[in-house]
There are 2 protein chains.
Amino acid sequence: MANLFLGIDLGGTLIKFALLDDTLTPIGHLELDTPVQKGADEVIDTMICGARELIHQQGVALSNLSGIGVASPGPIDFETGTVIAMPNIPGFNNVPLRNRIADALGVETILENDANAAAMGEALCGAGKNADILIMLTLGTGVGSGIIINGKILRGCHSAGAETGHMIVEPNGEPCPCGQRGCLERYSSAASVAQYARRLIEKEGRQSTLSEILRKNGNIDAAQINQAQIDGDELAKEVWDRAMYFLAIGCINLARLFDPEVIILGGGMAKAGENLINPLRRHFNKLHWILTEPKTSLVLSALGSKAGVIGAAGVAWKTFRK
Amino acid sequence: MANLFLGIDLGGTLIKFALLDDTLTPIGHLELDTPVQKGADEVIDTMICGARELIHQQGVALSNLSGIGVASPGPIDFETGTVIAMPNIPGFNNVPLRNRIADALGVETILENDANAAAMGEALCGAGKNADILIMLTLGTGVGSGIIINGKILRGCHSAGAETGHMIVEPNGEPCPCGQRGCLERYSSAASVAQYARRLIEKEGRQSTLSEILRKNGNIDAAQINQAQIDGDELAKEVWDRAMYFLAIGCINLARLFDPEVIILGGGMAKAGENLINPLRRHFNKLHWILTEPKTSLVLSALGSKAGVIGAAGVAWKTFRK
């Protein structure tokens with residue numbers, strides 16, 4: 001078996017590996033814990049060892065690989081394949097990750113931003129197949145996004161495009177660590193939903209079944225808020241609905257500017273499934289102009305937590321396939 | 001002289017014509033009044049006669065033309081070259097404008113939306129030369145826009161993209177005839193600035209030197225508001241600044257999503273020159289994130305009211321040049 005493509009998705013908790021054949025069919029997966037505390041070198045060693053392990057497991061050889069795609073968080077210098085900074089892993093500054101992997105494994109390698117890789121995964125193998133324009137939003141700690149136009153990732157002129165999480169959706173709104181106010185990710189990320197619920201409980205003394213969880217665990221997360229709203233908690237409903245409203249404003253703006261075939265929702269909050277997509281569609285349809293019917297579809301990620309690693313392999317496939 | 005390109009820009013007041021050689025150098029211009037009241041057929045006849053007249057004036061022949069580009073307002077069916085609707089000219093519904101012009105003049109013709117044509121004009125011959133990504137905003141009755149990525153006009157999947165004027169910049173804000181609330185063009189178009197000043201004077205009884213103009217003429221326009229703020233009128237300053245603030249929010253969002261080299265401001269309000277671009281840049285820089293210095297430039301249109309007609313010829317040049 002030759003002409004295979006390996007994807008490696010470097011995350012703050014797990015490193016994921018996927019092996020795809022040249023029809024983009026996954027033929028093997030592997031996940032390893034990210035040795036965050038041990039620093040950059042150990043993390044890179046784990047990436048290299050995991051790659052060898054998956055290859056070995058599948059009974060193939062490194063020489064069967066036509067290319068490797070690596071998905072990484074943080075700003076990337078695409079020319080040199082360097083990770084400029086990674087807040088979650090100590091020592092991961094200005095690391096020439098592409099060449100480190102390529103040199104260790106002797107296989108041509110390409111480095112891609114994780115949000116872009118996830119979008120490419122959905123474009124090639126998931127909810128965005130056959131879409132000329134698609135946008136993927138990953139709702140996690142922040143709101144990551146990848147925008148693909150006619151098969152190409154939109155990077156912008158200074159590699160700073162597709163920052164949908166920092167679109168201003170509320171003038172003079174919530175302060176964002178980026179220095180702006182009212183950024184989408186201050187309203188609709190998993191982290192922001194939890195922070196807002198906590199603020200209403202702790203600062204404004206609002207009543208909620210979430211207070212008990214907060215007292216016991218010291219924090220609450222988006223999944224607990226989703227569960228609480230299912231159980232009828234009014235505060236949880238209000239908090240969740242606010243996130244969906246602002247997310248819909250963001251989607252309206254994306255529809256007006258890009259007129260995409262589809263906007264795909266992924267990341268931790270997308271695990272809420274129908275509880276995410278239904279209220280989002282409701283707000284979107286209500287906010288939408290009356291000049292035409294809504295034509296952009298809002299859908300859940302088809303690949304889930306594998307979008308990034310499949311997309312990393314997909315980026316390698318697009319770059320190195322013969 | 002052969003391999004020439006003719007641009008025709010159909011506007012509600014004027015029909016503009018420009019003849020360009022194959023290096024995109026303009027070699028002749030013509031403007032005729034648009035016979036709006038006489039309806040679509042007369043308007044098209046004027047377009048055809050004007051084309052012949054300009055060709056004749058320049059001492060060349062229709063056979064020297066390699067292509068014609070027509071810029072038109074209103075939604076367009078690009079496949080068939082049909083103008084679907086044009087609110088300002090009676091009878092201009094579902095008119096196969098491309099074929100009418102091509103058949104009458106015997107020259108290959110392409111039809112383009114006027115905002116896209118203006119952006120292409122600036123991209124090829126104006127303030128966006130050498131920019132991989134540029135966005136042009138035309139501030140007039142509405143806020144028109146054209147987005148060009150690597151030389152290609154962004155249309156979207158259903159020909160409904162690049163509607164920057166209908167980006168929501170204020171949730172639950174000013175109602176827009178499109179059915180949304182808080183659209184950019186409700187704040188930052190020439191028409192909206194005038195409407196807002198009028199509302200403050202008539203409905204809220206605010207004092208302003210503009211009251212006198214309003215009483216005399218029955219209305220006020222953006223140019224008068226700009227003049228009043230230059231003369232120190234406090235209400236005019238407030239109205240103008242609000243328009244610049246929301247326009248800057250729109251530009252921040254465009255910078256986050258597209259990371260363009262340049263955002264170009266044109267249309268009636270851009271005649272305010274420094275009074276437009278300086279406060280816009282000030283708000284933009286203040287709103288901008290702190291992660292990187294602002295890299296997207298905000299500049300005035302270089303081609304002014306000729307951007308559309310130059311761009312129409314430019315679209316023909318891109319399509320039909322040999």
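So you know, we letter chains A, B, ... as the sequences are listed, proteins then strands, and number each from 1. What you see below is based on every heavy atom in this structure, not just the backbone, and it leaves out hydrogens, waters and symmetry mates.
When each of A/C178, A/G179, A/G161 is scored by its heavy-atom pairs under 4.5 Å with chain B, the top score falls to A/C178. Here B/G156 is the residue among B/C183, B/A162, B/G156, B/P177 with the most heavy-atom pairs under 4.5 Å with chain A.
Of the two parts of A/L184, neither the backbone nor the side chain holds a non-hydrogen atom closer than 4.5 Å to a non-hydrogen atom of chain B. Contact of A/P75 with chain B is not made at all, since no heavy-atom distance falls under 4.5 Å. For chain B, the nearby parts of A/P171 are the backbone and the side chain; heavy atoms of each come within less than 4.5 Å. Only the side chain of A/I249 comes within less than 4.5 Å of a heavy atom in chain B; its backbone stays farther off. Heavy-atom distances place the side chain of B/I149, and not its backbone, under 4.5 Å from chain A. Only the side chain of B/L254 comes within less than 4.5 Å of a heavy atom of chain A; its backbone N, CA, C and O stay farther away. Contact of B/I252 with chain A is made through the side chain alone, with heavy-atom distances under 4.5 Å. Using a 4.5 Å cut-off between heavy atoms, A/A131 makes no contact with chain B at all.
For the pair B/L154 and A/L257, the minimum side-chain heavy-atom distance is 4.5 Å or more.
When the side chain to side chain contact (heavy atoms under 4.5 Å, CB included) test is applied to A/L300, the partners found at least two apart in sequence or on another chain are A/A270, A/L276, A/I277.
The CG atom of B/L291 lies 8.0 Å from the SG atom of A/C176; values are rounded to the nearest 0.5 Å.
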Using only distance, no hydrogens or angles, which N or O donor-acceptor pairs sit under 3.5 Å between chain A and chain B?
residue: A/C157; atom: N; partner: B/D259; partner atom: O; Å: 2.8
residue: A/C157; atom: N; partner: B/D259; partner atom: OD2; Å: 3.2
residue: A/H158; atom: N; partner: B/D259; partner atom: OD2; Å: 2.6
residue: A/H158; atom: ND1; partner: B/D259; partner atom: OD1; Å: 2.6
residue: A/S159; atom: N; partner: B/D259; partner atom: OD2; Å: 3.2
residue: A/A160; atom: N; partner: B/D259; partner atom: OD2; Å: 2.8
residue: A/A162; atom: N; partner: B/R256; partner atom: O; Å: 3.2
residue: A/A162; atom: N; partner: B/L257; partner atom: O; Å: 2.8
residue: A/E163; atom: N; partner: B/R256; partner atom: O; Å: 2.9
residue: A/I168; atom: N; partner: B/N253; partner atom: OD1; Å: 2.7
residue: A/I168; atom: O; partner: B/N253; partner atom: ND2; Å: 3.1
residue: A/C178; atom: O; partner: B/I290; partner atom: N; Å: 2.7
residue: A/Q180; atom: OE1; partner: B/R256; partner atom: NE; Å: 3.0
residue: A/Q180; atom: OE1; partner: B/R256; partner atom: NH2; Å: 3.3
residue: A/Q180; atom: OE1; partner: B/W289; partner atom: N; Å: 3.3
residue: A/N253; atom: OD1; partner: B/I168; partner atom: N; Å: 2.7
residue: A/N253; atom: ND2; partner: B/I168; partner atom: O; Å: 3.1
residue: A/R256; atom: O; partner: B/A162; partner atom: N; Å: 3.3
residue: A/R256; atom: O; partner: B/E163; partner atom: N; Å: 2.9
residue: A/R256; atom: NE; partner: B/Q180; partner atom: OE1; Å: 3.0
residue: A/R256; atom: NH2; partner: B/Q180; partner atom: OE1; Å: 3.2
residue: A/L257; atom: O; partner: B/A162; partner atom: N; Å: 2.8
residue: A/D259; atom: O; partner: B/C157; partner atom: N; Å: 2.8
residue: A/D259; atom: OD1; partner: B/H158; partner atom: ND1; Å: 2.6
residue: A/D259; atom: OD2; partner: B/C157; partner atom: N; Å: 3.2
residue: A/D259; atom: OD2; partner: B/H158; partner atom: N; Å: 2.6
residue: A/D259; atom: OD2; partner: B/S159; partner atom: N; Å: 3.2
residue: A/D259; atom: OD2; partner: B/A160; partner atom: N; Å: 2.8
residue: A/W289; atom: N; partner: B/Q180; partner atom: OE1; Å: 3.2
residue: A/I290; atom: N; partner: B/C178; partner atom: O; Å: 2.7

